[in-house]
Amino acid sequence: VQLVESGGGLVQPGGSLRIFCTASGFTLENYAIGWFRQAPGKEHEGVGCINENDGSTYYEESVKGRFTVAIDSAKKTAWLQMNSLKPEDTATYYCAADTGECGEQWMWGYRYLERWGQGTLVSVSS
């Protein structure tokens with residue numbers, strides 16, 4: 001039972017990248033799936049999340065309008081589409097899954113989320 005992220009890499013400023021989170025050993029049905037990131041020397045930061053049951057989403061201000069969270073339940077995969085990337089988006093990105101309602105409170109309670117992936121590194125640099 002695990003989450004596995006993939007798709008990280010190096011991208012130039014202004015570019016786009018999509019990273020994936022695939023569930024193994026369980027389905028994403030009725031889960032909320034969130035994305036978080038941590039840059040070297042910085043605090044853990046929320047990015048956004050999605051509710052599997054209705055597709056509703058929540059985004060932190062720092063990425064709103066640039067990042068999109070989506071999910072394909074049949075494929076047990078969620079992804080984070082990142083556009084207009086900036087150097088300050090450089091971080092290790094983690095996905096997490098748990099029950100409950102995706103939103104600001106769910107994101108703030110990240111320490112208590114049930115399942116986490118191992119992280120994938122996204123570097124934004126010219």
Side-chain angles (χ1 to χ4, degrees):
V1 177
Q2 61 179 345
L3 294 171
V4 179
E5 294 101 337
S6 61
L10 175 65
V11 61
Q12 292 188 338
S16 297
L17 193 67
R18 181 177 291 187
I19 57 176
F20 298 88
C21 174
T22 301
S24 176
F26 72 106
T27 71
L28 296 175
E29 185 175 357
N30 293 321
Y31 273 78
I33 297 89
W35 288 93
F36 303 83
R37 64 187 183 185
Q38 188 162 24
K42 293 190 175 182
E43 295 289 320
H44 186 102
E45 180 185 18
V47 175
C49 59
I50 186 167
N51 288 305
E52 184 278 337
N53 57 2
D54 64 4
S56 57
T57 55
Y58 169 85
Y59 298 96
E60 299 292 349
E61 285 298 322
S62 59
V63 305
K64 196 174 289 185
R66 299 189 299 124
F67 289 14
T68 302
V69 182
I71 185 171
D72 183 334
S73 300
K75 295 182 179 179
K76 299 196 294 184
T77 297
W79 59 91
L80 178 67
Q81 175 67 42
M82 301 180 286
N83 299 326
S84 302
L85 282 160
K86 306 174 182 179
E88 52 264 43
D89 294 317
T90 294
T92 297
Y93 284 71
Y94 300 89
C95 65
D98 205 338
T99 56
E101 187 78 12
C102 154
E104 184 176 20
Q105 286 193 331
W106 190 90
M107 294 290 286
W108 275 99
Y110 70 89
R111 289 180 176 85
Y112 306 102
L113 296 181
E114 180 183 8
R115 293 172 176 154
W116 287 84
Q118 82 289 352
T120 186
L121 178 62
V122 174
S123 297
V124 184
S125 175
S126 54

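As a basis for the values below, the full set of heavy atoms in this structure was taken, side chains included, without hydrogen atoms, waters or symmetry mates.
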NZ of Lys64: more than 12 outside heavy atoms within 6.0 angstrom?
yes

In short, Ile33 meets Ala78 closest at the heavy-atom pair CG2-CB, 3.9 Å

One should read off an interatomic distance between Tyr93 OH and Leu121 CG, to the nearest 0.5 angstrom, of 9.5 Å

Students often mix this up, so state it plainly: with edges at 30° and 60°, are the rings of Tyr94 and Trp116 parallel, tilted or perpendicular? perpendicular

Taking every heavy atom of Leu80 against every heavy atom of Phe67, the minimum-distance pair comes out as CD1-CB, 4.1 Å

**Asked** Would you say the side chain of Met82 lies within less than 4.5 Å of the side chain of Arg66, judging by non-hydrogen atoms?
**Response** no

Query - Hydrophobic cluster membership, Ile71 vs Trp35, 4.5 Å side-chain cutoff - result: yes

One should read off an interatomic distance between Asp89 CG and Ser84 OG, to the nearest 0.5 angstrom, of 9.5 Å

**Message:** Within the 3.5 Å criterion, strictly below it, is a donor on Ser56 or Asn51 matched to an acceptor on the partner's side chain?
**Reply:** yes

For this session: Kindly work out whether a path of hydrophobic side-chain contacts (I/L/V/M/F/W/Y, heavy atoms less than 4.5 Å apart) joins Phe36 to Ile19.
Result: no

* Asked: Any side-chain heavy-atom pair from Phe20 and Val4 closer than 4.5 angstrom?
  -> no

Between the CD atom in Gln118 and the CD atom in Gln2, the distance rounded to the nearest 0.5 Å is 8.0 Å

Rounded to the nearest 0.5 angstrom, the OH-CD distance for Tyr110 and Glu45 is 10.5 Å

Next on the checklist: Strictly distance-based, threshold 3.5 Å: is any side-chain N or O of Glu5 a donor or acceptor partner for the main-chain N or O of Cys95?
Outcome noted: yes

Value for CG (Leu3) from CG (Leu28), rounded to nearest 0.5 Å, stands at 7.0 Å

Closest heavy-atom pair, Gly25 versus Lys76, reported as atoms and distance to 0.1 Å, is N-NZ, 4.2 Å

Of all heavy-atom pairs linking Ser16 and Asn83, the shortest is OG-OD1, 2.9 Å

Whether the side chain of Trp106 engages the backbone of Thr99 through a donor-acceptor N/O pair (distance < 3.5 Å, no angle test) should be reported.
yes

dist Ile50:CD1 -> Tyr58:OH (nearest 0.5 Å) comes out at 15.0 Å

Here the pair of heavy atoms bringing Glu114 nearest to Asp98 is N-OD2, 2.9 Å

(message) Do Val47 and Val11 sit in one hydrophobic cluster, given that two such residues count as connected whenever their side-chain heavy atoms are within less than 4.5 Å of each other, even indirectly?
(response) yes

### Query
Any chance the side chains of Thr90 and Ser123 put a donor and an acceptor closer than 3.5 Å?
no

inquiry  = Please check: side-chain N/O of Gln12 versus main-chain N/O of Ser126, any donor-acceptor pairing under 3.5 Å?
reply    = no

key: Transitive ILVMFWY side-chain link Leu113 to Met107, under 4.5 Å   = yes

Val122 vs Val124 side-chain heavy atoms within contact, under 4.5 Å: yes

Find out whether Cys102 and Thr57 are in side-chain contact, i.e. whether some heavy atom of one side chain is under 4.5 Å from a heavy atom of the other. no

Do any N or O atoms from the side chain of Gln38 and from the backbone of Ala91 form a donor-acceptor pair under 3.5 angstrom?
no

- [ ] Examine Leu85 and Tyr59 and state if one hydrophobic cluster contains both, with Ile, Leu, Val, Met, Phe, Trp and Tyr joined whenever side-chain heavy atoms are less than 4.5 Å apart.
- [x] yes

Between Arg115 and Phe26 the two heavy atoms that sit nearest each other are NH1-CD1, 3.0 Å

- Message: Tell me whether Asp72 contacts the main-chain N or O of Thr77 through its side chain, where contact means a donor paired with an acceptor under 3.5 Å.
- Response: no

